[in-house]
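Only a predicted model underlies this, so the values are computations on that prediction, with no experimental measurement involved. Both ligands and their constituent atoms are indexed starting at 1 by order of listing. By convention here, the first residue in the shown sequence is residue 1.
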Amino acid sequence: MIIPVNLGKKSYDITLQRGALKRTGEIFDLDRKALIVTDKGVPKEYVREVCKACRDHVTVIIKAGEESKNLENFQKLCEAMLKNNFGRKDCVIAVGGGVVGDLAGFAAACFMRGIDFYNIPTTLLSQVDSSVGGKTAVDFCGIKNIIGAFHQPKAVLIDPDVLDTLDERQFACGAAEAVKMAVTCDEKLFELIETKGVKTNTEAVIEGALKIKAKVVEADETEAGLRRVLNFGHTLGHGIESATGLLHGECVALGMIPMTAPSLRNRLAAVLEAENLPTQCKAPSAKVIEAAMHDKKAQGGAVVTVRVDKAGSYKFVKSTGEELLKDYEEAFL
Ligand code: GLY
């Protein structure tokens, strides 16, 4: 299946198909140099498949984990391209999760003021969300994604078969982002996840999430307004992430709960629990709120939060730190 992302001259296709990894050479234009960026956690056979499709490639393998999304690794990628005489017509390919995609995409956005970028997401989280939409970045001075650029990929290849090797906890993190899309934008998709679960309907869930993502990005590529809906659960989620050792998707799951109306909250929590995600948070509220209010999107002591009163709908509400504290404590303490 092809899901188009219509952005004028920056339009591209997402190929969603079991076994698509073996078709990398058909789907991408690889008659040029390619920098393949991956991490140590990505099974070698996936990377080998991509290497086989390239005419001329250089591979950089980074350490797995958020701490790799830094300027040092960005420099490493740029150095690899310089040393290998990459030019404007060459390309970067990410093979991995969100960290690899964000870092590789940022190097592609900056090298020679922007070269082609292809993304092959290998985690559920990156397949349903981060591989599409052109957000690229590194973390800096302890702040997530603070240095970055919008740089749309040239194409995205999603092979759900690669999820067979993904560990349960990482799978659940992807499910959290899919629930986020469904509960804000698509009641039917929410009901599908609620009644059948993500595991047995992975392709349908990825497809539903990507269709939402494509529509949102087409309407608001650079997050001037509507795209903020994709931050549902992320304001408190980022605060919880700073205050705990939990994974991003787990924190997004927790972050959604206080932002959901009490009438829907138990239903949402049941869906998250069925997806092996946490629904109770004991992180100290002051620490969570302080970190949440340091969010790069906070302005003048307030942050725009996304709230859900009814499945498949959302509203934006400007909230102060005190208001967020009240929401958090009401939901968890
Ligand atoms: N992951 C949120 C966005 O792409 O805007």
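A donor atom on one side chain and an acceptor atom on the other are not found under 3.5 Å apart for T123 and Q170. Between the side chains of T38 and Y46, no donor-acceptor pair is found at a separation under 3.5 Å.
For atom 4 (O) of ligand 1, the closest heavy atom belonging to the protein is K213 NZ, 2.6 Å.
Judged by the 6.0 Å and 45° rule, K154 forms no cation-pi pair with F28.
Geometrically, ligand 1 and K180 share no nitrogen or oxygen pair separated by less than 3.5 Å.
Using a 4.0 Å cut-off to heavy atoms of D129, the atoms of ligand 1 that qualify are 1 (N), 2 (C), 4 (O).
By the 4.5 Å heavy-atom criterion applied to side chains, E72 and Q75 are not counted as neighbours.
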